[in-house]
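Read the structure below first, then the notes.
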Amino acid sequence: MPDDRVTDFWKAYLEAGGRDGPYTAWAFGDEARPEMQTKLALLVLNGPKRATTGLLAEYEAEGEPLPQAGEYSVILDGGGDPRCVVVTTSVEVRPLSDVDAEYAWTEGEGDRTLAWWRQAHVDFFARLGISLQDDTQLVLERFDLVWPPSAGQDHGGPHEGNLD
């Protein structure tokens with residue numbers, strides 16, 4: 001159940017003309033690294049982050065359904081504060097070896113190259129005790145920022161981020 005901050009944020013989104021329906025609230029990255037969660041939330045809010053990557057095995061182990069196009073999410077920072085609303089536009093499952101430069105660019109982190117993206121994800125999952133291999137199945141989720149409408153402007157947050 002979302003806390004009052006998330007509920008109030010969702011209500012503000014609806015009052016601004018947003019589309020009602022089910023939504024989830026979550027933060028990018030590792031819960032043990034709230035500064036990373038905030039950095040990644042700001043990359044969505046201020047641009048250019050429009051994708052995220054998960055492990056298919058984690059979804060399966062947790063019995064969690066894969067995200068679906070059309071689903072709404074409230075993105076949280078490392079303090080649990082809501083920052084923006086996104087809608088999933090596409091989801092695909094690919095092995096690590098099939099992730100391309102366009103997807104790395106869309107994920108919007110670091111220098112946005114495929115080499116940077118790959119190394120950052122290998123390092124990130126290694127810190128969690130997971131060794132990525134070329135055949136590791138990844139969930140590639142693309143999304144659009146839908147609220148707040150002023151997002152994409154300078155909000156004083158960082159415009160570069162990474163998984164560190």
Side-chain angles (χ1 to χ4, degrees), residues 1-31 36-110 112 114 117-118 120-121 124-125 128 130 132 136-153 155 157 159 161 163:
M1 183 65 122
D3 72 22
D4 289 343
R5 295 174 293 177
V6 172
T7 301
D8 292 346
F9 193 82
W10 185 256
K11 286 179 185 175
Y13 162 68
L14 295 178
E15 289 169 5
R19 184 174 172 191
D20 198 5
Y23 66 94
T24 57
W26 49 274
F28 294 99
D30 179 0
E31 290 178 6
M36 177 180 67
Q37 292 179 319
T38 296
K39 188 181 287 188
L40 294 173
L42 291 172
L43 281 174
V44 175
L45 182 63
N46 297 323
K49 185 171 182 57
R50 296 295 179 265
T52 191
T53 303
L55 289 175
L56 180 61
E58 284 186 338
Y59 283 94
E60 292 172 343
E62 295 171 9
E64 185 177 331
L66 295 182
Q68 299 291 314
E71 292 179 342
Y72 287 81
S73 299
V74 174
I75 302 303
L76 308 175
D77 65 18
D81 289 317
R83 291 296 187 129
C84 57
V85 177
V86 300
V87 62
T88 300
T89 58
S90 69
V91 178
E92 49 185 324
V93 176
R94 287 193 219 168
L96 175 65
S97 62
D98 285 353
V99 175
D100 59 20
E102 186 278 329
Y103 184 81
W105 180 263
T106 303
E107 193 154 340
E109 298 172 22
R112 301 178 74 182
L114 180 58
W117 178 92
R118 184 179 172 106
H121 284 78
F124 172 78
F125 286 110
L128 301 176
I130 300 165
L132 293 187
T136 301
Q137 296 295 304
L138 303 175
V139 178
L140 309 179
E141 178 181 0
R142 296 173 190 266
F143 53 82
D144 285 335
L145 177 67
V146 297
W147 195 75
S150 62
Q153 298 174 5
H155 292 255
H159 293 272
L163 297 175

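All values below come from the heavy atoms of this structure, side chains included, with hydrogens, waters and symmetry mates left out. What you see is a predicted model, and the numbers here were worked out from it, not measured in a lab.
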Item to check | Side-chain donor/acceptor of Thr38 to backbone N/O of Gly78, under 3.5 Å | outcome: yes
Checklist entry - Mind checking whether Phe28 and Lys39 have side chains closer than 4.5 Å, heavy atoms only? => result no
Item to check | Contacts of Trp105 that satisfy side chain to side chain contact (heavy atoms under 4.5 Å, CB included) - sequence neighbours left out | outcome: Arg112
Next on the checklist: Walk me through whether Asp30 and Met36 qualify under side-chain contact (heavy atoms from CB on, under 4.5 Å).
Outcome noted: CA-CA 7 Å; Asp30 179 0; Met36 177 180 67; 3.4 Å; yes
Checklist entry - Side-chain contact, heavy-atom cut-off 4.5 Å: His121 with Leu138? => result no
Next on the checklist: For Asp144 versus Arg50, what's the shortest heavy-atom pair and its separation?
Outcome noted: CA-CD, 4.4 Å
Item to check | From OG1 (Thr52) to CG (Leu40), nearest 0.5 Å | outcome: 7.5 Å
Next on the checklist: Checking Glu58 against Ile130 for the side-chain contact (heavy atoms from CB on, under 4.5 Å) test, could you report, in this order, the C-alpha distance in whole Å, the side-chain angles of both residues, the deciding distance, and whether it holds?
Outcome noted: CA-CA 10 Å; Glu58 284 186 338; Ile130 300 165; 3.6 Å; yes
Next on the checklist: Between Tyr13 (side chain only) and Arg19 (backbone N and O only), is there a donor and an acceptor less than 3.5 Å apart?
Outcome noted: yes
Next on the checklist: To the nearest 0.5 Å, what is the distance between CH2 on Trp117 and CG on Asp100?
Outcome noted: 9.5 Å
Checklist entry - Can you find a pair of side-chain heavy atoms, one from Val44 and one from Phe143, that are under 4.5 Å apart? => result yes
Checklist entry - If every non-hydrogen atom of Arg83 is compared with every non-hydrogen atom of Pro148, which pair is closest and at what distance? => result O-CD, 3.8 Å
Next on the checklist: Under the side chain to side chain donor-acceptor pair (under 3.5 Å) definition, can you give me all pairs with a residue in residues 85-96, not counting sequence neighbours?
Outcome noted: Thr88-Glu141, Glu92-Arg94
Checklist entry - Say you draw a straight line from CD of Glu107 to CG of Leu140; how long is it, rounded to the nearest 0.5 Å? => result 8.0 Å
Checklist entry - If every non-hydrogen atom of Leu145 is compared with every non-hydrogen atom of Cys84, which pair is closest and at what distance? => result CD1-CB, 3.5 Å
Checklist entry - Can you tell me how far the OG1 atom of Thr53 sits from the CD atom of Glu109, to the nearest 0.5 Å? => result 8.0 Å
Item to check | Approximate separation, where rounding is to 0.5 Å, of Ile75 CD1 and Leu43 CG | outcome: 12.0 Å
Checklist entry - Do Asp77 and Leu42 have side chains that get closer than 4.5 Å, going by heavy atoms? => result no
Item to check | Residues that Val74 engages under side chain to side chain contact (heavy atoms under 4.5 Å, CB included), provided they are two or more places apart | outcome: Val6, Phe9, Trp10, Tyr23, Ala25, Leu76, Pro82, Val85
Checklist entry - Measuring from Glu31:CD to Gln37:CD, what's the distance to the nearest 0.5 Å? => result 6.5 Å
